[in-house]
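Working notes, beginning with the structure itself.
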Number of protein chains: 2
Amino acid sequence: MNEDTDLFKAIGDATRRTILDELTSKDGQTLFEICGRLTMKHGLASSRQAISQHLTVLEQAGLVHTRRQGRYKFHHLDTGPLRSIVERWPIDREEPNP
Amino acid sequence: MNEDTDLFKAIGDATRRTILDELTSKDGQTLFEICGRLTMKHGLASSRQAISQHLTVLEQAGLVHTRRQGRYKFHHLDTGPLRSIVERWPIDREEPNP
DNA sequence: TTGACATGCAAGTGGCGACTTGCATATAAC
DNA sequence: GTTATATGCAAGTCGCCACTTGCATGTCAA
């Protein structure tokens with residue numbers, strides 16, 4: 001599976017996009033913290049295992065990097081791969097002023 | 001199904017991304033023209049019906065607009081919806097010079 | 001009008017992916 | 001050492017989606 005496939009597959013799932021939103025608002029969360037905040041803030045009721053698998057997919061796509069510390073594993077957002085989308089097709093960056 | 005779901009689902013398929021590539025290099029193609037060029041240039045061997053269904057998905061996502069003229073139907077690219085991706089997460093637009 | 005061309009529609013099939021379930025491992029608190 | 005905490009792994013289920021198949025509709029040329 002090539003890089004593009006990994007990337008687009010990763011952002012193709014609504015729960016994974018919400019996880020990216022969560023890491024945008026607070027970077028470096030643990031799995032349990034993400035689970036809790038997804039339930040609280042976003043009303044999602046996904047199990048820990050489901051979220052864990054989502055994080056694995058995001059990591060394979062290079063959108064999330066992890067850092068181990070004792071029994072904790074912190075997840076960090078990296079939007080770098082998303083730039084390839086912007087560069088692939090001609091996107092107008094700014095709306096012209098009316 | 002909300003807008004985001006349509007958009008990310010649309011670009012989640014490799015064949016549909018190749019169609020967007022094709023329309024980027026030559027806009028306003030008919031279904032048959034797209035089929036031919038996908039086979040020639042990209043080595044894809046998808047049937048006409050499959051491509052037609054892909055174009056429907058792209059149109060639902062707002063990435064492709066169509067224009068009917070007699071028995072022909074021309075397909076036009078619109079990258080506008082892709083901007084929502086750029087705006088959703090903080091993407092560094094430019095690499096800093098080394 | 002007859003035939004060729006361009007597209008549309010709808011049911012059926014197969015595989016991939018999201019999610020669950022159950023257990024395992026590792027670290028830290030007591 | 002014992003228990004609780006945080007995460008990992010793997011098999012199984014189920015629904016969705018890409019693709020096919022077959023036929024229908026509409027347009028233009030002769």
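Because only heavy atoms are used, hydrogens play no part in the values below, and waters and symmetry mates are left out as well, while side chains stay in. Convention: sequence-line order gives letters A, B, ...; per-chain numbering from 1.
In this structure, CD1 in I19(A) is found 8.5 Å from CG in L44(A), a value given to the nearest 0.5 Å. With rounding to the nearest 0.5 Å, the separation of CG in L58(A) from NZ in K9(A) is 10.5 Å. The distance from the CZ atom of R88(B) to the OG1 atom of T79(A) is 13.5 Å, given to the nearest 0.5 Å. Here the straight-line distance linking atom NE2 of H75(B) with atom CG of L20(B) works out to 12.5 Å at 0.5 Å rounding. To the nearest 0.5 Å, atoms CG (L55(B)) and NZ (K73(B)) are separated by 8.0 Å. To the nearest 0.5 Å, atoms CZ (R17(B)) and CD1 (I85(A)) are separated by 9.0 Å.
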For nucleotides 12-16 of chain C, print each protein N/O atom paired with a nucleotide N/O atom at under 3.5 Å, atom names and distance only.
none

Would you tabulate the nitrogen or oxygen pairs shorter than 3.5 Å linking the protein to nucleotides 18-22 of chain D?
from, atom 1, to, atom 2, distance (Å)
dA18(D), OP1, R16(B), NH2, 2.6
dC19(D), OP2, H54(B), NE2, 2.3
dT20(D), OP2, S47(B), OG, 2.8
dT20(D), O4, Q53(B), NE2, 3.1

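The side chain to side chain contact (heavy atoms under 4.5 Å, CB included) check on T39(B) picks up nothing, with sequence neighbours excluded. Annotation: side chain to side chain contact (heavy atoms under 4.5 Å, CB included) contacts of S47(B) (sequence neighbours excluded): Q49(B), A50(B). E33(B) is linked by a salt bridge (Lys or Arg N to Asp or Glu O under 4.0 Å) to K26(B), counting only residues two or more places apart in sequence or in another chain. Remark: R48(B) engages L31(B), F32(B), C35(B) in a side chain to side chain contact (heavy atoms under 4.5 Å, CB included) (not counting sequence neighbours). Legend: residues meeting side chain to side chain contact (heavy atoms under 4.5 Å, CB included) with H76(B), ordered by chain and number and at least two apart, are D27(B), R67(B), F74(B).
Taking each heavy atom of F8(B) and I11(A) in turn, the nearest pair found is CD2-O, 3.4 Å. Between G62(A) and P81(A), the closest heavy-atom pair is O-CG, 3.4 Å.
Counting to the nearest Å, the P atom of dA6(C) and the CG atom of L55(B) are 16 Å from each other. Rounded to whole Å, atom C1' of dC5(C) lies 16 Å from atom CD of Q69(B). The interatomic distance linking R71(B) (CZ) with dA6(C) (C1') rounds to 7 Å, in whole Å. Atom-to-atom, CZ of R68(B) to P of dA6(C) comes out at 12 Å; the value is rounded to the nearest Å.
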Report the C-alpha separation of T18(B) and K41(B) in whole Å, then their side-chain angles, then the decisive distance to 0.1 Å, and conclude whether the side chain to side chain contact (heavy atoms under 4.5 Å, CB included) test is met.
-> CA-CA 10 Å; T18(B) 306; K41(B) 296 174 55 180; over 6 Å; no
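Cluster note: V57(A) groups with no other residue, as no ILVMFWY side-chain heavy atom lies under 4.5 Å from it.
Within residues 27-36 of chain A, the residues having any heavy atom under 4.0 Å from DNA chain D are, by residue number, T30(A), L31(A), F32(A). A heavy-atom distance below 4.0 Å to DNA chain D is reached by none of the residues of residues 58-65 of chain A.
In the helix from dT1(C)-dA30(D) to dC30(C)-dG1(D), the end axes, each obtained as the rotation axis mapping the C1' atoms of four pairs onto the next four within a five-pair block, lie 30° apart to the nearest 10 degrees.
Residue pairs meeting the side chain to side chain donor-acceptor pair (under 3.5 Å) criterion with at least one partner in residues 52-64 of chain B, sequence neighbours excluded, are R16(B)-H54(B), E59(B)-T66(B).
Each of G70(A) and F74(B) lies near DNA chain C, and the nucleotide nearest F74(B) is the one positioned closer to the 5' end.
At least one side-chain nitrogen or oxygen of K73(B) sits closer than 4.0 Å to the OP1 or OP2 atom of dG8(C).
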